[in-house]
Amino acid sequence: MDRRTFLKSATVSAATISATSQALAAVEGGQPPIAISSANGLRATDKAMTLLRDGADTLDAVVAGVNIVEEDPDDMSVGYGGLPNEDGIVQLDSSVMHGPTRGAGSVAALEQIVNPSKVAKLVMERTDHVLLVGEGALRFAVAMGFEKQDLLTDRAREVWMRWKRNLSERDDWIDPSDRLPGGEESAALDIPFTYGTINCNAVDANGDISGVTTTSGLSFKIPGRVGDSPIIGAGLYVDNNVGACGSTGRGEANLKTCASFLAVEFMRDGASPEEAGLKALKRIAENTTEPYLLDDDGRPNFDVKFYAVNKKGQFAGVAMWSGAQYAAHDGKENRLRDCAYLYKRA
Ligand code: ASP
């Protein structure tokens, strides 16, 4: 069978799979659609729900949801306005998974494109590959009609410059706040986070499931650093028979445990989304041995969060540390909810 015939028959079997899952849902009696996201995703879950109610495909719904945040200059962890790498260049990572067709696509270290999630979706739909990176990903995006744009906003550039000039006492950078009474500039630009991402997953009335994760990654990262977000199984995993899980937080910890995949496997074995997410976090904690990543009690000193939903529409957000929230639209209301957690902050 040549590749074209194979792709054609794959499309047919994808349609068959989708029809099968619809039939299954019909047998199960249907359910309200669910959209779940990281705490910066209330607009994403709202948009996804509107589209799901109109009968949209689950992946179209979640990608349209996160596009709002990618395009928002005020979210400095995703897309346009995201914090740059150590050279002042915004490099974006994103992945998508489409449950009904078992499709996956992702891009890493992509520059100059506002919506990496749309490019990831096209990698899935228009190529025989799963992951495109850097220059190749950009050339693919341009070939697909995306426009190149400078993603570094003035605010992100100022935060980066402030980081740069405070790196060392022994360089020639001068912080203007050193020359101003009160250090107003420092306070105004004090951005306390180094991580940030949006993940959004949805299950529709038929029990079909999709997810997307998109990010500018760790701020001021070493150029070329790729986090967990575009890695299938780490920053996102979807199995249409089971559920979906995506993550935000310290990508390096997640990359070493493939914890989104792990959480979906726990759900396959019968765990609820909350139990599965907490078990995945426990695995990360067990695998964290570097002294600089542990607190005095031997617990990870960083956060990782998972957003999990199963085929029945049960969902949960979980975090390593207490105090975190996530966004979810349960078909009735769209609001922030408290994450379950492994460790309580003092
Ligand atoms: N997980 C992302 C990364 O490591 C960042 C984050 O979610 O905060 O790139």
Side-chain angles (χ1 to χ4, degrees), residues 36-41 44 62 66 69-70 72 74-79 81-86 89-97 106-111 116-117 120 131 133-134 137 151 156 159-160 163 191-201 211-237 244-263 277 280-281 283-285 287-288 290 293 300-308 317-321 323-327 339 341:
I36 176 173
S37 176
S38 38
N40 54 350
V62 291
V66 301
V69 182
E70 287 176 331
D72 180 356
D74 290 333
D75 190 312
M76 301 182 85
S77 69
V78 179
L83 289 175
N85 65 17
E86 86 180 14
I89 295 170
V90 181
Q91 287 189 328
L92 305 175
D93 296 339
S94 179
S95 60
V96 301
M97 286 190 82
S106 60
V107 289
L110 174 64
E111 298 173 10
S117 61
L131 171 59
V133 306
L151 302 182
V159 173
W160 166 65
W163 168 82
I191 305 284
F193 64 86
T194 50
Y195 289 94
T197 293
I198 181 166
N199 162 249
C200 186
N201 307 313
V212 55
T213 302
T214 176
T215 188
S216 52
L218 176 64
S219 49
F220 322 127
K221 58 196 172 186
I222 295 174
R225 177 265 189 189
V226 170
D228 57 331
S229 308
I231 304 302
I232 301 299
L236 177 68
Y237 198 70
C245 182
S247 77
T248 62
R250 185 180 156 78
E252 279 70 11
N254 199 16
L255 277 168
K256 292 197 285 184
T257 44
C258 288
S260 288
F261 175 75
L262 191 61
L281 285 170
R283 180 72 62 86
I284 289 178
N287 280 285
T288 304
E290 302 91 328
L293 292 176
N301 59 16
F302 54 83
D303 216 345
V304 174
K305 296 169 199 135
F306 292 112
Y307 314 94
V318 301
M320 192 72 80
W321 289 95
Q325 291 194 303
Y326 69 104
C339 289
Y341 55 87

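Ligands are counted one by one from 1 in listed order, and the atoms in each one are counted from 1 as well.
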Check: V318 and L281 side chains under 4.5 Å, non-hydrogen atoms: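 They are in contact (side-chain heavy atoms under 4.5 Å apart), so the answer is yes.
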Close side-chain approach of F306 to I284, heavy-atom, < 4.5 Å: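 Yes, at least one pair of side-chain atoms sits under 4.5 Å.
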Which atoms from ligand 1 have a heavy atom of [X] less than 4.0 Å away?
| X | answer |
| --- | --- |
| D228 | 1 (N), 2 (C), 3 (C), 4 (O) |
| T248 | 7 (O) |
| G217 | 9 (O) |
| T197 | 1 (N), 2 (C), 5 (C), 6 (C), 7 (O), 8 (O) |

Min heavy-atom dist K221 to ligand 1 below 4.0 Å: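 K221 does not count as a contact of ligand 1 under the 4.0 Å cut-off.
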Sub-3.5 Å N/O-N/O distance, [X] and ligand 1:
| X | answer |
| --- | --- |
| D93 | no |
| G251 | yes |
| G249 | yes |
| S247 | no |
| R250 | no |

Trace of the side chain to side chain donor-acceptor pair (under 3.5 Å) decision for T257 with N287: CA-CA 8 Å; T257 44; N287 280 285; over 6 Å; no
Salt bridge flag under 4.0 Å for residues E290 and R250: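 No, this pair does not count.
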Under-4.0 Å salt bridge between R225 and E252: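 A salt bridge links R225 with E252.
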Location of contacts on L218 toward ligand 1, heavy atoms closer than 4.0 Å: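 It is the backbone that touches ligand 1; the side chain stays farther off.
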Per-residue contact class, K305 against ligand 1 - non-hydrogen pairs under 4.0 Å: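 The answer is neither; K305 stays 4.0 Å or more away.
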Parallel, tilted or perpendicular, as decided by the 30° and 60° cut-offs, for the rings of W163 and F220: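 Geometry flag for W163 against F220: parallel rings.
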For L151, the option from L110, L92, I89 that meets side-chain contact (heavy atoms from CB on, under 4.5 Å):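 The side-chain contact (heavy atoms from CB on, under 4.5 Å) with L151 is passed solely by L92 among L110, L92, I89.
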Gap separating the CD1 atom of I198 from the OG1 atom of T214, nearest 0.5 angstrom: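 With rounding to 0.5 Å, CD1 (I198) is 8.0 Å from OG1 (T214).
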